[in-house]
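Down below is the structure, laid out as structure tokens.
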Amino acid sequence: MVDGKDKQGHVEPAPARDFAAGIDAKARRKRKAQRHGAPGVWFGLGMMGLIGWSIVVPALLGAALGTWLDKHYDASHSWTLALVVGGLTLGCFNAWHWVAQQDKAMRDEEADDGPT
């Protein structure tokens with residue numbers, strides 16, 4: 001169909017063109033997913049694990065450094081508690097930033113595929 005005309009040159013009404021364009025966009029997305037392999041359940045679980053570790057690792061590093069500081073330097077406050085909270089904060093920010101980037105990439109890809 002070119003400029004709203006089919007192969008015989010007949011003009012199709014606007015709703016039919018919109019419907020055909022929507023079907024075409026869905027078909028292109030499906031072909032693209034089949035080519036690249038649509039992510040499955042294991043991919044989603046892996047991503048949850050990745051996000052979890054990106055939060056846990058800074059917290060554990062903060063705990064280890066805080067424990068070492070508490071053993072070697074006397075202070076009126078707990079370095080362990082302060083650095084665990086700092087590690088959790090850093091890890092949560094890191095995970096949020098990564099998820100936001102992935103969300104933006106998915107939205108950009110959907111926009112490139114056209115309207116649904």
Side-chain angles (χ1 to χ4, degrees):
M1 182 176 3
V2 178
D3 296 330
K5 295 181 181 180
D6 60 9
K7 292 179 183 178
Q8 290 79 25
H10 298 104
V11 177
E12 292 189 25
R17 283 194 305 262
D18 293 342
F19 180 73
I23 296 295
D24 184 51
K26 287 181 182 181
R28 278 188 277 128
R29 278 196 304 275
K30 186 173 183 177
R31 283 192 300 270
K32 185 177 180 181
Q34 287 173 342
R35 263 194 320 264
H36 298 292
V41 173
W42 291 110
F43 179 79
L45 290 173
M47 288 299 107
M48 285 194 309
L50 178 70
I51 292 169
W53 280 110
S54 72
I55 295 170
V56 169
V57 169
L60 291 176
L61 290 174
L65 180 60
T67 302
W68 184 83
L69 286 172
D70 283 340
K71 285 183 182 177
H72 289 85
Y73 300 101
D74 289 334
S76 61
H77 60 280
S78 171
W79 282 107
T80 304
L81 182 59
L83 292 177
V84 165
V85 171
L88 282 172
T89 303
L90 180 66
C92 287
F93 177 75
N94 186 29
W96 171 77
H97 181 68
W98 186 81
V99 169
Q101 281 183 331
Q102 294 300 313
D103 183 54
K104 183 181 182 309
M106 287 187 331
R107 289 180 190 275
D108 290 346
E109 186 175 307
E110 285 178 4
D112 291 342
D113 287 341
T116 56

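Since this is a predicted model, take the numbers as computed values, not measurements.
Under the 4.5 Å side-chain contact rule for hydrophobic residues, V99 and M47 share a cluster.
Atom CH2 of W53 has 12 or fewer heavy atoms from other residues, nucleotides or ligands within 6.0 Å.
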Going by atom type alone, with no hydrogens or angles, which donor-acceptor pairs under 3.5 Å involve a side-chain atom of residues 57-73 and a protein atom two or more places apart or on another chain?
from	atom 1	to	atom 2	distance (Å)
T67	OG1	A63	O	2.7
W68	NE1	H72	ND1	3.3
D70	OD1	W79	N	3.0
D70	OD2	T80	N	3.2
D70	OD2	T80	OG1	2.7
H72	ND1	W68	O	2.9

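Classified by interplanar angle (parallel below 30°, tilted 30° to 60°, perpendicular above 60°), the ring pair H97/F93 is parallel.
Residue pairs meeting the salt bridge (Lys or Arg N to Asp or Glu O under 4.0 Å) criterion with at least one member in residues 40-63, sequence neighbours excluded, do not occur.
Proximity of N94 to L90: side-chain heavy atoms (C-beta onward) are nowhere separated by under 4.5 Å.
Between L50 atom CG and L45 atom CG the span is 12.5 Å, to the nearest 0.5 Å.
Every residue two or more places apart in sequence or in another chain was checked for a side chain to side chain donor-acceptor pair (under 3.5 Å) with S54, and none qualifies.
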